[in-house]
Amino acid sequence: MDERYSRQVLFPGIGKEGQAKICNKHVLIIGAGALGSGNAEILTRAGVGKITVVDRDYVEASNLQRQQLYTEADVAERLPKAAAAERRLREINSDVEVRSIIGDATPEILEELIQDVDVMMDATDNFETRMAMNDVSQKYNVPWIYGACVGSYGMSFSIIPGRTPCLNCLLRTIPLQGMTCDTGGIISPVVQMVIAHQTSETLKMLVEDWDAVRTSFVSFDLWRNQYTSLKMSKAKYAGCLSCGEERTYPYLDHENRTKTTVLCGRDTVQIRPSISGEISLEKLAGQLSTLGYSVKGNPYLISVELGEERMVIFQDGRALIHGTKDLTHAKAVYQRIMG
Ligand SMILES: [Zn+2]
């Protein structure tokens, strides 16, 4: 450990004591796309004791421009991002205990995973998950770091239960929902800038230097050369349902969550079965091949060609239907293939 982390230990904000803390902490990263890859790599190199990564997608060619953990080989294999990330992170630092989960970060999963976590990081692409993370953070008293980017614009905010406003409070002053769905493209440096903010905040929290944690909402546009830091001390809302006195954690309502979703900025619908459980991909692939479908796969998923559309089925029965945004149609396709 001495040599490996020497430069970080020399930094006064961390030191030997801070490094020992970092080596004993657990960070949960929700999403393994652009922000998730970068956050996970930096924290793995920094020697965080345990890192858990959750992601529901697999690696595609359009990811390589900015999702720094992945390679052309991962694209060729259609590896789930969580599995590809775990493999790469272990190569980078074998001292770190890396756990990857292929699936949706549902409220249930989040409540299960949060138990021994020190800091949670936002690397998702959708608002539903962020709001669930926000409620879980408040309920279990775990800080989390919001991060988002689109085009050349990025933003970040650190949320510490009991000290800062929560994301639900912030929505009263900043219209964040509209900015999270990435349809307008993105440049990689803005991803790196958000990662720099998120991981700096995480390191401060891991070494328990709470006074160093930034309390403002930071946003920047790297193309237009704008940098804004908004004070948020007055944004805490007493009536907030996520962090106020009469809190109900509305986004953890398991009944309320959607099972069929159009994925952000893509011609893809995700379908999650109401009863989840492992399915035999090998058996399903065999049956579909017998019926004349073209099926390819790896140990984690199978991909079925359906003319203009393509369906990818994961072990937990979840499916992505590419080539459509029509929920009813996608459900019909799901029923036809899954029986
Ligand atoms: Zn709140």
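Numbering of ligands and ligand atoms starts at 1, following listing order.
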### Side-chain (Asp316) to main-chain (Arg318) donor-acceptor, under 3.5 angstrom
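The answer is yes, because a donor-acceptor pair under 3.5 Å joins these two groups.
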### Query
If you measure from the Lys or Arg side-chain nitrogens to the Asp or Glu carboxylate oxygens, is any gap between Arg88 and Asp74 under 4.0 Å?
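A salt bridge is absent here (no side-chain N lies under 4.0 Å from a carboxylate O).
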### Message
Within the structure provided, determine whether Leu241 and Tyr251 are in side-chain contact (heavy-atom separation under 4.5 Å).
### Response
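Of all side-chain heavy-atom pairs linking Tyr251 with Leu241, none is under 4.5 Å.
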### Task
Return the orientation label for the Phe220 and His197 ring planes: parallel under 30°, perpendicular over 60°, tilted otherwise.
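Rings of Phe220 and His197: parallel, as their planes differ by under 30°.
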### Query
Do you see a donor-acceptor pair shorter than 3.5 Å between the side chains of Asn168 and Gln138?
no
### Count, waters excluded, of protein N, O or S atoms under 2.8 Å from the Zn ion (ligand 1)
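There are 4 of them.
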### Message
Run Met338 and Ile271 through side-chain contact (heavy atoms from CB on, under 4.5 Å) and show every step you take.
### Response
CA-CA 11 Å; Met338 303 296 279; Ile271 297 185; over 6 Å; no
